[in-house]
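Computed from a prediction, not measured in an experiment: that's the story for all the values here.
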Number of protein chains: 2
Amino acid sequence: MVKLPDAFVNFKVVINNHLSIELLSMNDRISENTLKSFRAFVNKFILTDDKLFDTLISNFEYKKVARKELLLEASKTANKIFFLSEGFVRFYHTKNDGTEVTSDFYFAPGFITSFTSFIDQKPSIVNIQAMVKMDVLFIKYKDLMALYDNEHKVERLGRLLAEQVFITSEKHLLSFLNDTPQDRYLWLMKEYPEYVKNIPLHYLASYLGITAESLSRIRNRSVK
Amino acid sequence: MVKLPDAFVNFKVVINNHLSIELLSMNDRISENTLKSFRAFVNKFILTDDKLFDTLISNFEYKKVARKELLLEASKTANKIFFLSEGFVRFYHTKNDGTEVTSDFYFAPGFITSFTSFIDQKPSIVNIQAMVKMDVLFIKYKDLMALYDNEHKVERLGRLLAEQVFITSEKHLLSFLNDTPQDRYLWLMKEYPEYVKNIPLHYLASYLGITAESLSRIRNRSVK
DNA sequence: TAAAATTCTTGACTTAAGTTAAGAAATTAT
DNA sequence: ATAATTTCTTAACTTAAGTCAAGAATTTTA
């Protein structure tokens, strides 16, 4: 196994010199798959020619993340947006009474951060935790703002991503207004069976807004 | 009282010919206050010179809306974004079991539509109902898309608004994960006392995710 | 202003989820 | 491989909210 640095700081330069993605992946610093996944994801929202894609990717850095590692810690301001090409993350925070609440899961591929913290550049309520070992790309706040200023298409990407993040949030919200905890669990099972299997029940429970004991009972009720 | 047409279709032309806001308001077609409120609101997000503001406003139309009138009907695709300079609206939909759920309230000033319908141009789940008589401005989907293409700053406005709408939605969502219905009611009372007074209890109840009977009891518990 | 419609409250009872506690099962770390 | 930790289940009991129903209060409308 090749030992890798936490972040490959020369990444920007390499891309700007138009060395190929293939060369980068040969260096084993960032996988070809990660870059392909990134480009494919971005291209779902905006059309990028090679020049724009180079400009975009050259603002990203690369990082290896261990299972359970925090991508963002509560009380710190989110100054990065991460791109997940694989794996998934958990959002959680601590309530006044000390109990921990899992508020969200985000699955690859996608851009993730605490948008509420990132957008207004104020301390985050939530922690973001890697649920599995993963490689991520990330861009810093000030670099993204500069891209927004200089590249209309990247601003569009930002708009489209914000819109989609909103739609996801609204769906989650509506599940609380429309469905019982039991309904929400059954829906989750049907929609994301692979994940439900791999997520500890007490995380799922608090995501559904109930206790682990209640979810355990719901699960047993459903079996019969 | 002056009789007004439902929508003043010549509005675009007047603005494009650089006739003044004052003239418009003298015609009693759209109030000076509405336009001022619109410009002030937009300027919280982007800096508009007169040229850009004219371009922007010339794409909007004006409409008088009666209390209880629907700005958007469920099953139809939202093809407009409205600007509310006054008043507030209610979002509601009907569940499979026939019960009506109030999912949201939006208060002026602000841009409102069913973003989930508008963004992906698919049929809306929700109805949007005016809670009071009001004047609104609105822009059509295709006109906004054209503005996004031609005016980077308007695209930025779109991004910033989508971001803020997301933040609002996330707050609402977190209130379900963090707080009891009673907590949520007390918070609402503290934050928006004026509105709580004017919104029928059964609307508030379903917004909080509980029945009207439960909210009535919560309210009486709180008094003691 | 009187009738109609809507909004709000209260009571009796049911139900689903919370709480506390204990221990079993499974996974992770040494 | 074993100990430590985490995850999951079950039981007994409590509590908050749901349901159904009836009627009072308020607002709207004709």
Is there a side-chain contact (heavy atoms from CB on, under 4.5 Å) between B:Leu208 and B:Ile218 once you walk through the steps? CA-CA 12 Å; B:Leu208 296 171; B:Ile218 284 171; over 6 Å; no
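Scanning all heavy atoms of the two residues, the minimum distance from A:Lys140 to A:Glu61 falls at NZ-OE2, 3.3 Å. Closest non-hydrogen pair, A:Thr113 versus A:Lys80, comes out as OG1-O, 2.8 Å. In terms of heavy-atom proximity, B:Ser124 sits nearest to B:Glu73 at CB-O, 4.4 Å.
Closest to the side chain of B:Arg67, out of D:dT10, C:dT9, D:dT28, is D:dT28. Nearest to the side chain of B:Tyr203, among C:dT7, D:dT7, C:dT28, sits C:dT7.
For the pair A:Gln129 CD and D:dT6 P, the computed distance is 12 Å after rounding to whole Å. When the C1' atom of C:dT28 is taken as reference, atom NZ of A:Lys133 falls 16 Å away, rounded to whole Å. One can place CD1 of A:Ile199 at 12 Å from P of D:dT7, the figure rounded to the nearest angstrom. Rounded to an integer number of Å, the gap from CG of A:Leu208 to P of D:dC8 is 13 Å. Look at CG on A:Leu204: it is 12 Å from C1' on D:dC8, rounded to the nearest Å. Atom P of nucleotide C:dA26 and atom NZ of A:Lys197 are separated by 16 Å, given to the nearest angstrom. Atom-to-atom, NZ of B:Lys68 to C1' of C:dT7 comes out at 11 Å; the value is rounded to the nearest Å. Remark: P of C:dA24 and CG of A:Asn220 are 17 Å apart, rounded to the nearest angstrom.
Under 4.0 angstrom from either OP1 or OP2 of C:dT9 there lies at least one side-chain N or O belonging to B:Arg219.
Between B:Tyr192 and B:Phe105, the distance separating the two ring centers is not shorter than 6.0 angstrom. Aromatic ring centroids of B:Phe41 and B:Phe111 lie under 6.0 Å apart. In this structure, A:Phe60 has its ring center closer than 6.0 angstrom to the ring center of A:Phe38.
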Measure all distances between protein nitrogen or oxygen atoms and nitrogen or oxygen atoms of nucleotides 16-23 of chain C, and list the pairs falling under 3.5 Å.
residue, atom, partner, partner atom, Å
C:dA17, OP2, A:Arg221, NH2, 2.8
C:dG18, OP2, A:Thr211, N, 3.1
C:dG18, OP2, A:Thr211, OG1, 3.0
C:dG18, OP2, A:Ser214, OG, 2.5
C:dT19, O4, A:Arg217, NH2, 2.9

